[in-house]
There are 2 protein chains.
Amino acid sequence: MADVKTGVNPLFLREEELRQGIELLFYAYRDFTSEPDAILGKIGLGRAHHRVIYFVGRNPAITVTELLSILRITKQSLSRVLSELVRLGFVTQRPGTRDRRQRLLELTEKGIDLERQLSENQRQRIARAYRKAGAVAVEGFREVMLGIIDDEDRPKFSARIDRAATTKR
Amino acid sequence: MADVKTGVNPLFLREEELRQGIELLFYAYRDFTSEPDAILGKIGLGRAHHRVIYFVGRNPAITVTELLSILRITKQSLSRVLSELVRLGFVTQRPGTRDRRQRLLELTEKGIDLERQLSENQRQRIARAYRKAGAVAVEGFREVMLGIIDDEDRPKFSARIDRAATTKR
DNA sequence: TTTTTACGTCAGCCATGTTGACACAAATAT
DNA sequence: ATATTTGTGTCAACATGGCTGACGTAAAAA
């Protein structure tokens with residue numbers, strides 16, 4: 001508030017800039033999730049289902065523990081959603097070969113279809129934004145987003161490594 | 001999948017790029033909200049309270065209707081959270097002067113303190129990311145994020161206009 | 001053989017969203 | 001002047017998706 005009076009404090013601009021960053025994240029996430037949510041709503045599913053379908057599709061044969069570490073929710077919370085998806089035939093489970101306690105998760109055809117439909121929307125939104133902003137801006141976007149993300153998850157965005165090489169099934 | 005076999009399909013890279021965009025948003029938002037959530041949890045509040053406190057702090061004398069249009073939730077949902085904040089002394093309401101049906105919302109000292117504490121965390125996260133990425137990247141980040149946001153909310157990010165000039169109280 | 005790990009389940013609670021219905025005062029339109 | 005619309009609030013009921021705590025089982029690892 002003192003900044004308003006002085007009018008020349010560079011910290012005011014900085015604060016304003018940072019608040020814009022906060023708001024960009026809020027609005028982008030709000031709009032980014034709204035359409036898939038609407039599609040999901042029609043078939044009695046929610047955003048939590050979307051996340052599971054997305055990450056299982058993205059990481060075929062992912063284990064429950066790995067999925068939990070991505071989502072950062074409890075196994076009880078995941079269980080509810082995951083067992084619904086299995087029951088409804090979107091996801092299959094099969095025991096791991098080296099470790100038979102594991103349940104490796106995969107999308108069924110039906111699951112792949114739904115995943116496509118949901119993320120198509122989001123991909124289009126991103127594609128539109130990327131196209132409009134241009135390659136340099138996209139690189140800047142990536143850098144800033146990576147800086148916002150906790151260190152431990154950044155490696156996920158390095159030139160994509162075959163997960164089979166780093167995790168044992 | 002066909003892309004994997006051909007190995008040279010440029011659409012594969014594009015798909016990968018877009019999926020990375022999706023994931024950047026997921027992880028960034030997850031990490032961006034987790035620390036404020038923890039602070040709020042200790043005093044018995046949640047993310048919904050944070051959003052209200054944030055936008056009331058950002059837009060002093062905002063009306064309930066305006067707040068609803070930002071948050072895109074129902075008035076019943078807002079009511080629960082807002083009346084708690086008023087009851088706990090974080091937010092005050094006063095009737096509008098030109099329109100006495102309105103309840104103009106403002107943060108109390110206590111509300112300002114909490115807002116500071118919560119968004120300080122987020123500002124620091126953004127500041128760190130901005131610093132690391134540099135000015136050009138930040139501009140790219142802004143452009144892409146604006147492209148992701150629905151058209152109608154983009155004007156909010158133009159060189160900040162005095163709200164008093166565009167909305168009547 | 002003991003301990004740890006991966007996974008699951010039951011039960012209950014909380015936060016935050018929804019819809020629908022009703023109410024009232026104030027502003028606006030006819 | 002009266003009728004309608006708008007801004008706000010409230011009650012009630014329900015859904016989703018988090019959480020904790022407790023307990024169980026099979027398989028892997030020590």
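Predicted model only: the values in this text are computed from it and were never measured. Numbered from 1 within each chain, the chains take letters A, B, ... in sequence-line order.
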* Pair of N/O donor and acceptor under 3.5 Å linking dT6(D) base with Arg101(B) side chain ->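 Result: at least one qualifying N/O pair found.
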I need the [atom1]-[atom2] distance between [X] and [N], as an integer number of Å.
X: Arg30(B); N: dG17(D); atom1: CZ; atom2: P; value: 18 Å
X: Lys42(A); N: dT16(D); atom1: NZ; atom2: P; value: 16 Å
X: Gln93(B); N: dG9(D); atom1: CD; atom2: C1'; value: 10 Å
X: Ile62(B); N: dT8(D); atom1: CD1; atom2: C1'; value: 15 Å
X: Gln102(A); N: dT25(D); atom1: CD; atom2: C1'; value: 16 Å
X: Leu40(B); N: dG18(D); atom1: CG; atom2: P; value: 17 Å
X: Asp99(B); N: dG7(D); atom1: CG; atom2: C1'; value: 7 Å

side-chain contact (heavy atoms from CB on, under 4.5 Å) partners of [X], counting only residues at least two apart:
X: Thr65(B); value: Thr63(B)
X: Glu35(B); value: Asn121(B), Arg125(B)
X: Glu152(A); value: Arg72(A), Asp150(A)

* If an axis is fit to five pairs at each end of the helix from dT1(C)-dA30(D) to dT30(C)-dA1(D), what is the angle between the two, to the nearest 10°? ->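 The end axes of the helix from dT1(C)-dA30(D) to dT30(C)-dA1(D) are about 30° apart, to the nearest 10°.
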* May I ask you to list the residues of residues 47-55 of chain B, by number, that have any heavy atom positioned under 4.0 Å from an atom of DNA chain C? =>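 Within residues 47-55 of chain B, the residues near DNA chain C are Arg47(B), Ala48(B), His49(B), Arg51(B).
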* Asked: According to the salt bridge (charged side-chain N to carboxylate O under 4.0 Å, His left out) rule, which pairs have a member within residues 41-53 of chain B, sequence neighbours left out?
  ->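 Pairs touching residues 41-53 of chain B that pass the test: Asp37(B)-Arg47(B).
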Pairs of donor and acceptor atoms involving the side chains of residues 139-148 of chain A, under 3.5 Å and at least two apart or interchain, shall be tabulated with distances.
residue	atom	partner	partner atom	Å
Arg142(A)	NH1	Gln20(B)	OE1	2.4

* To do: With a 4.0 angstrom cut-off to heavy atoms of chain A, pull out the first and last contacting nucleotide of DNA chain C, in 5'-to-3' order.
  =>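 It runs dT5(C) to dC10(C).
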* Asked: For Arg80(B), what residues pass the salt bridge (charged side-chain N to carboxylate O under 4.0 Å, His left out) criterion, not counting sequence neighbours?
  ->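 If we apply the salt bridge (charged side-chain N to carboxylate O under 4.0 Å, His left out) test to Arg80(B), skipping adjacent residues, there are no hits.
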* Got a sec, which pairs hit side-chain hydrogen bond (donor to acceptor under 3.5 Å, both in side chains) with one end in residues 81-93 of chain B, sequence neighbours left out? ->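 Qualifying pairs, neighbours excluded: His49(B)-Glu84(B).
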* Give a yes or no answer on whether the side chain of Arg30(B) reaches the backbone of Leu71(A) with a donor-acceptor pair at less than 3.5 Å. =>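 No.
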* Donor-acceptor contact present, side-chain Lys110(B) to main-chain Leu88(B), <3.5 Å ->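 Looks like yes, one N/O pair under 3.5 Å.
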* Asked: Residues from residues 70-86 of chain B sitting under 4.0 Å of DNA chain D, heavy atoms only?
  ->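 Those residues whose heavy atoms fall under 4.0 Å from DNA chain D, taken from residues 70-86 of chain B in numerical order, are Lys75(B), Gln76(B), Ser79(B).
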Charged N to carboxylate O below 4.0 Å: is that the case for [X] and [Y]?
X: Lys156(B); Y: Glu23(A); answer: no
X: Glu106(A); Y: Arg58(A); answer: no
X: Arg123(B); Y: Glu17(A); answer: no

* To do: Could you tell me which residues satisfy ring-ring contact (aromatic ring centres under 6.0 Å, His included) with Tyr29(B), sequence neighbours excluded, listed by chain and number?
  =>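 So Tyr29(B) forms a ring-ring contact (aromatic ring centres under 6.0 Å, His included) with Tyr29(A).
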